[in-house]
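For ligands, and for the atoms within them, numbers begin at 1 and follow the listed sequence. What you see is a predicted model; the values in this text were computed from it and never measured.
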Amino acid sequence: MKIPFNIPPKSQNEEKYIIQAIANKKLSGEGSFNKKCSEWINKNLPTLMTVITPSCTSALEMAMVLADIGPGDEVILPSFTFTSTANVVALYGAIPVFVDVDPRTMNIDPACIEKAINPRTKVIMPVHYAGVGCEMDKIMDLANKHNIWVVEDAAQGMFASYKGKALGAWGHMAAFSYHETKNIVCGEGGALTINDPRLVKRAEIVRDKGTNRQEFLNGQVDKYTWQDKGSSYLLSELSAAFLLSQLEEGEIITSKRMTIWNQYHQGLAALEKAGRLQRMVVPEGAKANAHIYYILLNSADERAKLWSFLKEAGIQSTTHYVPLHSAPAGVKYGRVEGSMKVTDDHANRLLRLPMFADLSSADASFVLEKIQEFFKGTP
Ligand SMILES: *Cc1c(COP(=O)(O)O)cnc(C)c1O
(Lines give C-alpha, C1' and ligand atoms only; values in the text may rest on other atoms or scores of the structure.)
Protein backbone atom coordinates (compact mmCIF):
# COMPACT_ATOMS: atom_id res chain seq x y z
CA MET A 1 0.00 0.00 0.00
CA LYS A 2 1.47 3.32 -1.10
CA ILE A 3 -0.60 5.46 1.25
CA PRO A 4 -1.80 3.60 4.36
CA PHE A 5 -4.87 4.72 6.29
CA ASN A 6 -2.97 5.38 9.51
CA ILE A 7 0.58 5.56 10.88
CA PRO A 8 0.86 6.27 14.64
CA PRO A 9 2.48 9.63 15.41
CA LYS A 10 6.06 9.86 16.72
CA SER A 11 7.06 12.42 19.35
CA GLN A 12 10.48 13.53 20.60
CA ASN A 13 10.83 12.10 24.10
CA GLU A 14 9.27 8.65 24.10
CA GLU A 15 12.54 6.68 24.39
CA LYS A 16 14.04 9.11 26.90
CA TYR A 17 11.00 8.93 29.20
CA ILE A 18 10.78 5.13 29.01
CA ILE A 19 14.46 4.84 30.01
CA GLN A 20 13.76 7.23 32.91
CA ALA A 21 10.77 5.15 33.98
CA ILE A 22 12.95 2.02 34.06
CA ALA A 23 15.62 3.85 36.05
CA ASN A 24 12.97 5.06 38.53
CA LYS A 25 12.30 1.41 39.50
CA LYS A 26 8.59 2.07 39.80
CA LEU A 27 6.70 0.39 36.96
CA SER A 28 3.13 0.18 38.20
CA GLY A 29 0.38 2.76 37.85
CA GLU A 30 1.67 4.60 40.91
CA GLY A 31 4.75 5.84 39.10
CA SER A 32 5.68 9.43 38.37
CA PHE A 33 4.84 9.35 34.63
CA ASN A 34 1.31 8.23 35.41
CA LYS A 35 1.10 11.13 37.83
CA LYS A 36 2.49 13.57 35.25
CA CYS A 37 0.02 12.41 32.60
CA SER A 38 -2.95 12.86 34.97
CA GLU A 39 -1.68 16.25 36.07
CA TRP A 40 -1.20 17.29 32.45
CA ILE A 41 -4.82 16.44 31.62
CA ASN A 42 -6.17 17.91 34.88
CA LYS A 43 -4.48 21.20 34.04
CA ASN A 44 -4.98 21.39 30.28
CA LEU A 45 -8.54 20.08 29.86
CA PRO A 46 -9.14 21.16 32.68
CA THR A 47 -10.80 18.57 34.93
CA LEU A 48 -10.95 17.62 38.62
CA MET A 49 -9.38 14.19 38.38
CA THR A 50 -7.91 11.98 35.67
CA VAL A 51 -7.29 8.24 35.85
CA ILE A 52 -4.87 7.05 33.16
CA THR A 53 -6.32 3.69 32.13
CA PRO A 54 -5.26 0.68 30.02
CA SER A 55 -7.80 1.69 27.32
CA CYS A 56 -10.82 3.85 26.58
CA THR A 57 -12.90 0.70 26.95
CA SER A 58 -11.69 0.21 30.54
CA ALA A 59 -12.28 3.92 31.26
CA LEU A 60 -15.88 3.49 30.07
CA GLU A 61 -16.21 0.40 32.28
CA MET A 62 -14.97 2.33 35.27
CA ALA A 63 -17.51 5.07 34.48
CA MET A 64 -20.30 2.47 34.48
CA VAL A 65 -19.18 1.25 37.91
CA LEU A 66 -19.17 4.84 39.20
CA ALA A 67 -22.62 5.48 37.72
CA ASP A 68 -23.75 2.28 39.46
CA ILE A 69 -25.61 0.87 36.50
CA GLY A 70 -27.17 -2.57 36.67
CA PRO A 71 -30.05 -4.74 35.46
CA GLY A 72 -33.15 -2.69 34.64
CA ASP A 73 -31.22 0.50 33.95
CA GLU A 74 -31.08 2.08 30.51
CA VAL A 75 -28.26 3.98 28.85
CA ILE A 76 -28.95 6.19 25.80
CA LEU A 77 -26.27 6.22 23.10
CA PRO A 78 -25.84 6.41 19.34
CA SER A 79 -25.83 3.20 17.30
CA PHE A 80 -23.14 4.68 15.06
CA THR A 81 -20.19 4.09 17.40
CA PHE A 82 -17.48 1.63 18.30
CA THR A 83 -18.57 -1.58 20.05
CA SER A 84 -17.13 -0.53 23.42
CA THR A 85 -19.68 2.24 24.02
CA ALA A 86 -22.57 -0.24 24.07
CA ASN A 87 -20.63 -3.27 25.28
CA VAL A 88 -19.81 -1.72 28.67
CA VAL A 89 -23.52 -1.15 29.24
CA ALA A 90 -24.41 -4.77 28.45
CA LEU A 91 -21.48 -5.96 30.58
CA TYR A 92 -23.18 -4.61 33.71
CA GLY A 93 -26.58 -6.01 32.75
CA ALA A 94 -28.11 -2.69 31.68
CA ILE A 95 -29.78 -1.96 28.33
CA PRO A 96 -28.14 0.12 25.60
CA VAL A 97 -30.90 2.24 24.04
CA PHE A 98 -29.89 3.25 20.52
CA VAL A 99 -31.08 6.55 19.04
CA ASP A 100 -30.45 8.26 15.71
CA VAL A 101 -27.81 10.84 14.86
CA ASP A 102 -27.65 14.33 13.38
CA PRO A 103 -27.15 13.99 9.59
CA ARG A 104 -24.57 16.81 9.57
CA THR A 105 -22.19 15.25 12.11
CA MET A 106 -23.21 11.63 12.82
CA ASN A 107 -23.35 12.71 16.47
CA ILE A 108 -26.23 11.77 18.78
CA ASP A 109 -29.28 13.98 18.18
CA PRO A 110 -30.45 15.71 21.41
CA ALA A 111 -34.08 15.64 20.18
CA CYS A 112 -33.84 11.83 19.86
CA ILE A 113 -32.32 11.60 23.36
CA GLU A 114 -35.23 13.54 24.81
CA LYS A 115 -37.76 11.13 23.30
CA ALA A 116 -35.88 8.12 24.72
CA ILE A 117 -35.67 9.36 28.33
CA ASN A 118 -37.86 7.45 30.81
CA PRO A 119 -37.66 6.68 34.57
CA ARG A 120 -35.18 3.82 33.89
CA THR A 121 -32.70 6.08 32.08
CA LYS A 122 -29.52 6.34 34.14
CA VAL A 123 -26.82 7.53 31.75
CA ILE A 124 -26.46 9.33 28.41
CA MET A 125 -23.31 8.53 26.42
CA PRO A 126 -22.63 11.05 23.66
CA VAL A 127 -19.86 10.02 21.24
CA HIS A 128 -17.86 12.82 19.61
CA TYR A 129 -17.57 11.25 16.19
CA ALA A 130 -14.49 12.26 14.18
CA GLY A 131 -13.48 14.59 17.03
CA VAL A 132 -16.41 16.91 16.28
CA GLY A 133 -18.18 17.87 19.50
CA CYS A 134 -21.77 16.81 20.23
CA GLU A 135 -24.22 19.54 21.28
CA MET A 136 -23.08 19.23 24.87
CA ASP A 137 -24.93 22.29 26.18
CA LYS A 138 -28.29 20.81 25.15
CA ILE A 139 -27.32 17.33 26.35
CA MET A 140 -26.22 18.59 29.79
CA ASP A 141 -29.46 20.58 30.16
CA LEU A 142 -31.51 17.46 29.44
CA ALA A 143 -29.43 15.35 31.81
CA ASN A 144 -29.57 17.83 34.64
CA LYS A 145 -33.32 18.28 34.21
CA HIS A 146 -33.88 14.52 34.54
CA ASN A 147 -31.06 13.81 37.01
CA ILE A 148 -29.14 11.52 34.63
CA TRP A 149 -25.36 10.98 34.41
CA VAL A 150 -23.51 11.99 31.24
CA VAL A 151 -20.45 9.96 30.24
CA GLU A 152 -18.79 11.36 27.13
CA ASP A 153 -17.15 8.83 24.84
CA ALA A 154 -14.36 11.23 23.90
CA ALA A 155 -12.16 8.44 22.47
CA GLN A 156 -11.68 10.56 19.35
CA GLY A 157 -11.94 13.93 21.08
CA MET A 158 -8.47 14.82 22.38
CA PHE A 159 -7.57 18.50 21.68
CA ALA A 160 -11.06 19.35 20.40
CA SER A 161 -13.69 21.58 21.98
CA TYR A 162 -17.32 22.65 21.79
CA LYS A 163 -18.38 26.24 22.48
CA GLY A 164 -14.94 26.97 23.93
CA LYS A 165 -14.92 24.06 26.42
CA ALA A 166 -12.79 20.96 25.80
CA LEU A 167 -14.46 17.69 24.88
CA GLY A 168 -14.19 15.53 27.96
CA ALA A 169 -14.75 18.49 30.29
CA TRP A 170 -18.54 18.67 29.73
CA GLY A 171 -20.02 15.45 31.10
CA HIS A 172 -19.91 14.16 34.69
CA MET A 173 -17.28 11.79 33.31
CA ALA A 174 -15.50 11.26 29.98
CA ALA A 175 -13.33 8.58 28.43
CA PHE A 176 -10.41 9.13 26.05
CA SER A 177 -8.44 6.63 23.95
CA TYR A 178 -4.71 6.54 23.23
CA HIS A 179 -4.95 3.44 21.04
CA GLU A 180 -2.51 3.59 18.11
CA THR A 181 -5.33 4.59 15.75
CA LYS A 182 -6.16 7.77 17.68
CA ASN A 183 -4.56 11.24 17.45
CA ILE A 184 -2.35 10.88 20.54
CA VAL A 185 -1.20 7.37 21.30
CA CYS A 186 0.69 5.01 23.61
CA GLY A 187 -0.15 1.72 21.87
CA GLU A 188 -3.06 0.77 24.10
CA GLY A 189 -4.20 3.30 26.66
CA GLY A 190 -6.93 5.66 27.76
CA ALA A 191 -8.10 8.08 30.42
CA LEU A 192 -11.17 8.68 32.51
CA THR A 193 -11.76 12.31 33.41
CA ILE A 194 -14.02 13.13 36.32
CA ASN A 195 -15.73 16.50 36.30
CA ASP A 196 -18.14 15.98 39.20
CA PRO A 197 -16.77 16.35 42.75
CA ARG A 198 -19.29 13.76 44.05
CA LEU A 199 -17.41 11.03 42.14
CA VAL A 200 -13.80 11.77 43.10
CA LYS A 201 -13.53 9.89 46.40
CA ARG A 202 -15.14 6.74 45.04
CA ALA A 203 -13.07 6.91 41.85
CA GLU A 204 -9.88 6.55 43.92
CA ILE A 205 -11.24 3.28 45.30
CA VAL A 206 -12.80 1.90 42.11
CA ARG A 207 -9.62 2.41 40.06
CA ASP A 208 -7.51 0.50 42.58
CA LYS A 209 -9.30 -2.87 42.67
CA GLY A 210 -11.95 -1.55 45.06
CA THR A 211 -9.44 -0.80 47.83
CA ASN A 212 -8.56 2.30 49.85
CA ARG A 213 -4.91 1.91 48.82
CA GLN A 214 -4.76 5.63 47.97
CA GLU A 215 -5.46 6.51 51.63
CA PHE A 216 -2.74 4.06 52.62
CA LEU A 217 -0.26 5.69 50.20
CA ASN A 218 -1.23 9.11 51.57
CA GLY A 219 -0.45 7.87 55.09
CA GLN A 220 -4.08 8.31 56.20
CA VAL A 221 -4.51 4.65 57.21
CA ASP A 222 -1.94 2.01 58.21
CA LYS A 223 -3.40 -0.79 56.08
CA TYR A 224 -5.77 -0.96 53.16
CA THR A 225 -8.55 -3.37 52.28
CA TRP A 226 -11.55 -4.08 50.06
CA GLN A 227 -14.06 -1.23 50.29
CA ASP A 228 -16.21 -1.24 47.16
CA LYS A 229 -16.60 -2.68 43.65
CA GLY A 230 -13.63 -1.94 41.44
CA SER A 231 -11.05 -3.33 39.07
CA SER A 232 -7.50 -2.83 37.85
CA TYR A 233 -7.86 0.43 35.94
CA LEU A 234 -4.26 1.72 36.01
CA LEU A 235 -1.88 1.92 33.07
CA SER A 236 1.65 0.51 33.20
CA GLU A 237 4.28 3.18 33.88
CA LEU A 238 6.17 2.24 30.67
CA SER A 239 3.16 3.15 28.56
CA ALA A 240 2.52 6.28 30.64
CA ALA A 241 6.11 7.43 29.92
CA PHE A 242 5.40 7.10 26.18
CA LEU A 243 2.06 8.88 26.62
CA LEU A 244 3.54 11.90 28.42
CA SER A 245 5.79 12.62 25.45
CA GLN A 246 2.75 12.43 23.14
CA LEU A 247 0.64 14.70 25.36
CA GLU A 248 3.40 17.30 25.45
CA GLU A 249 3.48 17.34 21.63
CA GLY A 250 -0.25 16.92 21.17
CA GLU A 251 -0.84 20.42 19.84
CA ILE A 252 1.83 19.98 17.15
CA ILE A 253 0.50 16.55 16.15
CA THR A 254 -3.03 17.97 15.97
CA SER A 255 -2.00 20.93 13.81
CA LYS A 256 -0.24 18.62 11.35
CA ARG A 257 -3.45 16.63 11.01
CA MET A 258 -5.45 19.84 10.61
CA THR A 259 -3.25 20.85 7.64
CA ILE A 260 -4.13 17.61 5.83
CA TRP A 261 -7.78 17.96 6.86
CA ASN A 262 -7.97 21.45 5.35
CA GLN A 263 -6.24 20.30 2.19
CA TYR A 264 -8.82 17.53 1.70
CA HIS A 265 -11.68 19.88 2.54
CA GLN A 266 -10.64 22.53 0.04
CA GLY A 267 -9.68 19.95 -2.56
CA LEU A 268 -13.14 18.37 -2.48
CA ALA A 269 -15.23 21.55 -2.53
CA ALA A 270 -15.80 21.48 -6.30
CA LEU A 271 -16.97 17.85 -6.27
CA GLU A 272 -19.43 18.69 -3.51
CA LYS A 273 -20.70 21.66 -5.52
CA ALA A 274 -21.17 19.38 -8.52
CA GLY A 275 -23.31 17.06 -6.35
CA ARG A 276 -20.88 14.12 -6.57
CA LEU A 277 -20.27 13.76 -2.84
CA GLN A 278 -20.80 15.48 0.51
CA ARG A 279 -17.89 16.61 2.65
CA MET A 280 -17.98 16.14 6.43
CA VAL A 281 -19.34 19.11 8.38
CA VAL A 282 -17.88 20.85 11.42
CA PRO A 283 -20.77 22.99 12.69
CA GLU A 284 -20.53 26.43 14.23
CA GLY A 285 -19.24 26.20 17.81
CA ALA A 286 -17.24 22.99 17.32
CA LYS A 287 -13.45 23.11 17.11
CA ALA A 288 -12.43 19.74 15.72
CA ASN A 289 -9.11 17.89 15.83
CA ALA A 290 -8.91 16.24 12.39
CA HIS A 291 -9.29 12.79 13.89
CA ILE A 292 -11.09 11.69 10.73
CA TYR A 293 -11.69 13.07 7.27
CA TYR A 294 -14.75 11.44 5.75
CA ILE A 295 -16.95 11.93 2.71
CA LEU A 296 -20.46 10.69 1.95
CA LEU A 297 -20.95 9.19 -1.48
CA ASN A 298 -24.32 9.27 -3.22
CA SER A 299 -24.86 5.52 -2.85
CA ALA A 300 -23.40 2.45 -1.16
CA ASP A 301 -22.54 1.14 -4.60
CA GLU A 302 -20.56 4.23 -5.50
CA ARG A 303 -18.71 4.00 -2.19
CA ALA A 304 -17.69 0.41 -2.94
CA LYS A 305 -16.45 1.45 -6.38
CA LEU A 306 -14.45 4.42 -5.11
CA TRP A 307 -12.99 2.27 -2.32
CA SER A 308 -11.66 -0.29 -4.81
CA PHE A 309 -10.55 2.39 -7.26
CA LEU A 310 -8.42 3.98 -4.51
CA LYS A 311 -7.14 0.57 -3.45
CA GLU A 312 -5.98 -0.10 -7.02
CA ALA A 313 -4.07 3.18 -6.82
CA GLY A 314 -2.38 2.08 -3.56
CA ILE A 315 -4.54 4.25 -1.29
CA GLN A 316 -6.13 2.72 1.79
CA SER A 317 -9.52 4.31 2.48
CA THR A 318 -11.97 2.71 4.91
CA THR A 319 -15.67 2.61 5.74
CA HIS A 320 -16.73 2.86 9.38
CA TYR A 321 -19.09 1.31 11.93
CA VAL A 322 -21.68 -1.32 11.24
CA PRO A 323 -24.52 0.32 13.23
CA LEU A 324 -24.67 -1.49 16.57
CA HIS A 325 -28.46 -1.85 16.63
CA SER A 326 -28.15 -4.23 13.67
CA ALA A 327 -25.10 -6.12 15.00
CA PRO A 328 -25.80 -9.54 16.60
CA ALA A 329 -25.02 -8.38 20.16
CA GLY A 330 -26.89 -5.12 19.62
CA VAL A 331 -30.03 -7.06 18.71
CA LYS A 332 -29.57 -9.33 21.73
CA TYR A 333 -28.74 -6.78 24.43
CA GLY A 334 -30.01 -3.44 23.16
CA ARG A 335 -33.14 -1.80 21.92
CA VAL A 336 -33.90 0.94 19.42
CA GLU A 337 -35.85 4.07 20.22
CA GLY A 338 -37.25 5.90 17.22
CA SER A 339 -36.12 5.78 13.61
CA MET A 340 -32.56 4.81 12.64
CA LYS A 341 -32.86 6.34 9.21
CA VAL A 342 -29.84 8.65 9.25
CA THR A 343 -27.61 6.08 10.94
CA ASP A 344 -28.46 3.32 8.45
CA ASP A 345 -28.29 5.55 5.41
CA HIS A 346 -25.03 7.38 6.20
CA ALA A 347 -23.21 4.31 7.55
CA ASN A 348 -23.66 2.79 4.08
CA ARG A 349 -22.23 5.76 2.20
CA LEU A 350 -19.41 7.00 4.42
CA LEU A 351 -15.75 6.64 3.42
CA ARG A 352 -12.72 7.77 5.45
CA LEU A 353 -9.58 8.99 3.71
CA PRO A 354 -6.01 8.35 4.93
CA MET A 355 -5.29 10.64 7.89
CA PHE A 356 -2.21 10.80 10.10
CA ALA A 357 0.18 13.48 11.32
CA ASP A 358 3.03 12.55 8.99
CA LEU A 359 0.92 12.22 5.84
CA SER A 360 2.66 14.48 3.33
CA SER A 361 0.88 17.19 1.43
CA ALA A 362 2.03 15.49 -1.80
CA ASP A 363 0.37 12.23 -0.74
CA ALA A 364 -2.84 14.05 0.20
CA SER A 365 -2.77 15.69 -3.26
CA PHE A 366 -2.39 12.26 -4.83
CA VAL A 367 -5.49 11.06 -2.91
CA LEU A 368 -7.42 14.09 -4.17
CA GLU A 369 -6.26 13.56 -7.76
CA LYS A 370 -7.38 9.95 -7.69
CA ILE A 371 -10.82 10.88 -6.33
CA GLN A 372 -11.20 13.45 -9.13
CA GLU A 373 -10.09 10.88 -11.68
CA PHE A 374 -12.69 8.43 -10.37
CA PHE A 375 -15.53 10.90 -10.88
CA LYS A 376 -14.31 11.85 -14.36
CA GLY A 377 -14.80 8.24 -15.39
CA THR A 378 -18.19 7.90 -13.64
CA PRO A 379 -21.40 9.33 -15.11
C1 LIG B 1 -11.36 3.83 19.71
C2 LIG B 1 -12.68 3.98 20.33
C3 LIG B 1 -13.03 3.31 21.50
C4 LIG B 1 -12.14 2.26 22.14
O5 LIG B 1 -10.90 2.72 22.51
P6 LIG B 1 -9.83 1.70 23.17
O7 LIG B 1 -8.80 2.61 23.76
O8 LIG B 1 -9.29 0.88 22.03
O9 LIG B 1 -10.53 0.90 24.18
C10 LIG B 1 -14.25 3.56 22.08
N11 LIG B 1 -15.12 4.43 21.52
C12 LIG B 1 -14.84 5.08 20.38
C13 LIG B 1 -15.83 6.05 19.83
C14 LIG B 1 -13.61 4.88 19.74
O15 LIG B 1 -13.34 5.54 18.61
Atoms in ligand 1 flagged as close to [X], the criterion being non-hydrogen separation under 4.0 Å:
X    : result
G189 : 7 (O)
V127 : 13 (C)
S55  : 7 (O), 9 (O)
C56  : 4 (C), 5 (O), 6 (P), 7 (O), 9 (O), 10 (C)
D153 : 10 (C), 11 (N), 12 (C), 13 (C)

- Item | Heavy-atom gap F80 to ligand 1 smaller than 4.0 Å |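 Per 4.0 Å heavy-atom rule, F80 does not contact ligand 1.
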- With heavy atoms only and a cut-off of under 4.0 Å, state how Y321 meets ligand 1: side chain, backbone, both or neither.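 Side chain only.
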What protein heavy atom sits nearest [atom], and how far away is it?
atom                    : value
atom 14 (C) of ligand 1 : A155 CB, 3.3 Å
atom 15 (O) of ligand 1 : Q156 NE2, 2.8 Å
atom 1 (C) of ligand 1  : K182 NZ, 1.6 Å
atom 9 (O) of ligand 1  : T57 OG1, 2.5 Å
atom 3 (C) of ligand 1  : F82 CD2, 3.6 Å
atom 7 (O) of ligand 1  : S177 OG, 2.7 Å

- Identify whether NZ of Lys or CZ of Arg in K209 sits under 6.0 Å from the centre of the six-membered ring of W226 and within 45° of that ring's axis.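 Judged by the rule (NZ or CZ under 6.0 Å from the ring centre, within 45° of its axis), K209 is not positioned above W226.
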- Query: Do you know which of N195, T193, V151, V150 makes side chain to side chain contact (heavy atoms under 4.5 Å, CB included) with M173?
  - Reply: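 By the side chain to side chain contact (heavy atoms under 4.5 Å, CB included) criterion, M173 pairs with just one of N195, T193, V151, V150: V151.
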- Message: Tell me which pairs pass ring pair (Phe, Tyr, Trp, His ring centres under 6.0 Å) where either residue lies in residues 358-379, with sequence neighbours left out.
- Response: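 Listed once each, the pairs are F309-F374.
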- Message: In the structure I gave you, are the side-chain heavy atoms of V132 and N107 within less than 4.5 Å of one another anywhere?
- Response: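 Counting from C-beta outward, V132 and N107 do come under 4.5 Å.
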- Item | is_close_aromatic(F242, Y17), centroid dist under 6.0 Å |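 Ring-ring flag for F242/Y17: false, centres at least 6.0 Å apart.
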- Query: When the ring centroid of Y129 is compared with that of H320, is the distance short of 6.0 Å?
  - Reply: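 That pair passes the under 6.0 Å test.
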- Query: Should side-chain heavy atoms under 4.5 Å link Ile, Leu, Val, Met, Phe, Trp and Tyr, which residues sit in the same cluster as I253?
  - Reply: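 Via sub-4.5 Å side-chain contacts, I253 links to W40, I41, L45, I52, M158, F159, F176, Y178, I184, L235, L243, L247.
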- Item | Chi angles and distances behind the salt bridge (charged side-chain N to carboxylate O under 4.0 Å, His left out) call for R335, E337 | CA-CA 7 Å; R335 78 175 171 80; E337 182 75 44; 2.7 Å; yes
- Message: Ring-plane angle category for H325 and F98, please: parallel below 30°, perpendicular beyond 60°, tilted otherwise.
- Response: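 Judged by the thresholds at 30° and 60°, the geometry between H325 and F98 is tilted.
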